[in-house]
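What you see is a predicted model, and the numbers here were worked out from it, not measured in a lab.
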Amino acid sequence: MPGKRSGDNEDPQKVKRPRGRPPGPKARLSAAARAAVVEAAAAWAAAEATPGGTEAMGILLPGQTRIKRRRRVMPLEDKMKILEKLEEGVSNTDVGRLFGVNESTVRTIKKNEKAIRASMESVSPVCSKVLCIPRDVNIEKMETELTFWVEDQTIGGRPLTLKAICSQAKRIYKQLVETTGKGNPDKFHASKGWFEKFRNRYSLRNSRLMGEEEPLNAQSAPKYSKQLQRLIRARGYVPQQVFNAEEMSLFWKCMPSRTFREKDKSPESLEEAKDRISLIFCANAAGDKMIKPLLLYKDPNPTCLLEKDKNRLPVFWRSHPKVSLTAALFLDWFHNCFIHQARSYLIEKNLEFRVLLILDRGPNHPDSLFFAHPNVDIVFLPLEGTSYLQPLDQGIIEAFRRYYTKHMFDHFADCIEKNPCLTLKETWQQYSIADALVVIKEAMDDIKPAALNKAWWKLWADVVNDYACFPRANEEVAKIIESAKRMDFKFLDIEEGEINELLKFQALAITERESVSINTEEDKSPEPEVKMNLRKLNAVLRQASDLIDAAIDMDPFLDRSLAFKKDFNKLLYTYKEVQKNLQNKAKELKSEKDRNKEEAVCMKKMGTELESESESESESESESESESHEEEKVERKKEDKKPPEDDSGPSGSGTKTLTISEKSAKAINAELDFWNLTLELNLERVEVPELKE
């Protein structure tokens, strides 16, 4: 019928069969194919369970493309381990399976064994973990020496530039080629690409080049301070237990430029003006404790300190020929000064001896500090942001330099007032390191606890109590100008700019360091034993009593003079106690000497008596011996005069008789009696049988 379609009257439940060839029997998989399918399904399930998914297992989903596998590069340190395994007799296959490399790679490493070992001998341990290919031995040695040079420049505070480092690298490489005779000095160009690789190989992130900006600024610094505060809260530290230490250098005889005329500027005076000391300041966040600073000087025993006890100075005295702080010197201060004073301070505050010490990251602060003491935790500041976050760098060191300059000028003015005949140059030449120690102590006492507390405002703002307590630099400079005007008429018109120039020159003291190896040992020369002289102490106390009497006679008001006498005696109390102790010791020594003298006299008397007794005994013995000799002579004469007696035997033949002395006869008779007794005893023990009739 027209319009009728073929599927209108068909049963919908009836399945249509496709036209064409009828279906054949269902194909069956073999056992190996079925095992492969099961294994693939298991691998797919394991890949989905892994964190990386199927991509980490190398299985591709539909529509994905295979990512190129990253090439694995083995450092020289691992190659040396492979060579050691091969020397032990392990096969190439087993070594490759152990290190996860192909057997061909192991054979290649074995083939290049000589070059690998030569490169490992010249490369540093840090670089052996990064380098993968053996390089020129001279380049390896050059880079090792260059790292030491960069560290020395960093310690000295000298600015580093890319040009300076590359020129130094060329210079070192040329010297190595000339000494070894191998290589070409024109082969090494010290390009910028080499420098970046060298910087990454040796992790020289702390060597900031001149012109680079510090990555740690006011925006990123709070992140580090928050991390530090989180650590402090987690460990339960209080402000009294958190300390910060910082090093500074000081030209302790530096004066303004107008001090001497041009003809007075001799080389010796210029060298003395640049004589430098190094100090380590350490204070806690509360501001109420400042540890005794470490002072480094070039001379271990200056002439002005020969009669002083080094352990009783206001500083922890140590010496170094180049006045450079080494790791050994810092550890010495840490163990012998910081630990003792921090422990005694916390015990006085009834706090547990647990300390957090914050330091800058430098070669003089070794990693062994982490294990130096179980009750001290060490935290290093960021390499690039140390000057921004260091609490003692927030005006404390600059304030100390201002206080030191003021007190030094006051010292010169006082010396000139006491002796008007002295000139400023003469007083400056007489200014010794012992006087500088007194001035350093006065400058440290001028630093207020509130200022030390306020210095933590960038690193730990919550601990700061008062933000308006820090002294203004203009006020301190004005005081320095007043002290300078007291010294000499030359400084009557001195201006603020000259004082600021002097302070800036003091701040550059750390840049004048000479390069020194970090492992330089301290020159420990034996220090003489210093004792108080009783004669000098008696003279000083006698002068003090004369001064009190003169004040009483001079003052018309008796009550005021008596008050002065009372206060003055209080000041002299410590020296009077020392005088009593020394007098008691002197009495004990005198009594011991008298006792020793008496014992010596007694011994002499005993010796003379013993000698007389021995002489008398020897005389008596000699007399007895002479008498015995005379008796023997008489007996011998008597025996010689006796006629010989004839003794007839049983056969009637006569024999000569022997003459025996009385002593020998007595001895013979005693022996005969002994033998007779023994024979009798033996006969009594023997049973004699009775004879039959």
Side-chain angles (χ1 to χ4, degrees), residues 71-84 109 112-212 215 322 324 326-327 361-368 380 383-384 513-520:
R71 183 186 176 189
R72 181 188 174 188
V73 183
M74 186 177 294
L76 292 177
E77 187 178 11
D78 294 343
K79 292 180 180 179
M80 284 299 298
K81 292 179 181 179
I82 289 176
L83 293 175
E84 290 175 359
I109 293 172
N112 299 329
E113 179 179 3
K114 188 175 180 180
I116 292 171
R117 291 187 182 278
S119 183
M120 279 295 295
E121 290 177 359
S122 58
V123 77
S124 64
V126 177
C127 196
S128 64
K129 299 179 180 180
V130 182
L131 283 177
C132 305
I133 303 171
R135 300 192 302 161
D136 186 3
V137 177
N138 290 332
I139 291 179
E140 298 291 349
K141 293 181 179 179
M142 178 271 298
E143 290 183 353
T144 305
E145 294 184 10
L146 187 62
T147 53
F148 293 133
W149 179 81
V150 171
E151 287 179 359
D152 291 339
Q153 300 297 315
T154 306
I155 294 170
R158 299 182 183 91
L160 292 173
T161 60
L162 177 63
K163 185 178 180 180
I165 294 175
C166 292
S167 61
Q168 182 69 15
K170 288 181 181 179
R171 193 179 302 111
I172 296 172
Y173 182 78
K174 186 177 180 180
Q175 292 175 358
L176 290 172
V177 169
E178 291 176 355
T179 53
T180 58
K182 297 179 181 179
N184 185 6
D186 298 331
K187 180 182 177 182
F188 178 68
H189 302 288
S191 61
K192 188 176 180 180
W194 163 84
F195 173 76
E196 292 298 332
K197 293 178 181 178
F198 162 75
R199 193 174 181 181
N200 294 329
R201 277 194 294 269
Y202 287 87
S203 301
L204 297 178
R205 299 300 179 189
N206 58 341
S207 59
R208 186 172 63 88
L209 298 180
M210 191 174 181
E212 293 182 358
K322 298 197 176 173
S324 180
T326 62
R361 190 63 160 161
N364 48 13
H365 300 151
D367 293 337
S368 58
F380 288 112
L383 295 173
E384 294 83 3
R513 286 181 178 168
E514 300 179 15
S515 61
V516 62
S517 177
I518 302 303
N519 296 324
T520 304

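The aromatic rings of W194 and F188 sit perpendicular, their planes meeting at an angle over 60°, well past the 30° parallel limit.
Y173 contributes atom OH, which lies 14.0 Å from atom CG of L146 (distance to the nearest 0.5 angstrom). Taking CE from M80 and CD from E113, the interatomic distance works out to 8.0 Å, rounded to the nearest 0.5 Å.
Not counting sequence neighbours, the partners of S368 by the side-chain contact (heavy atoms from CB on, under 4.5 Å) test are L331, P366.
For M142 against A169, the heavy-atom pair with the smallest separation is CG-O, 3.5 Å.
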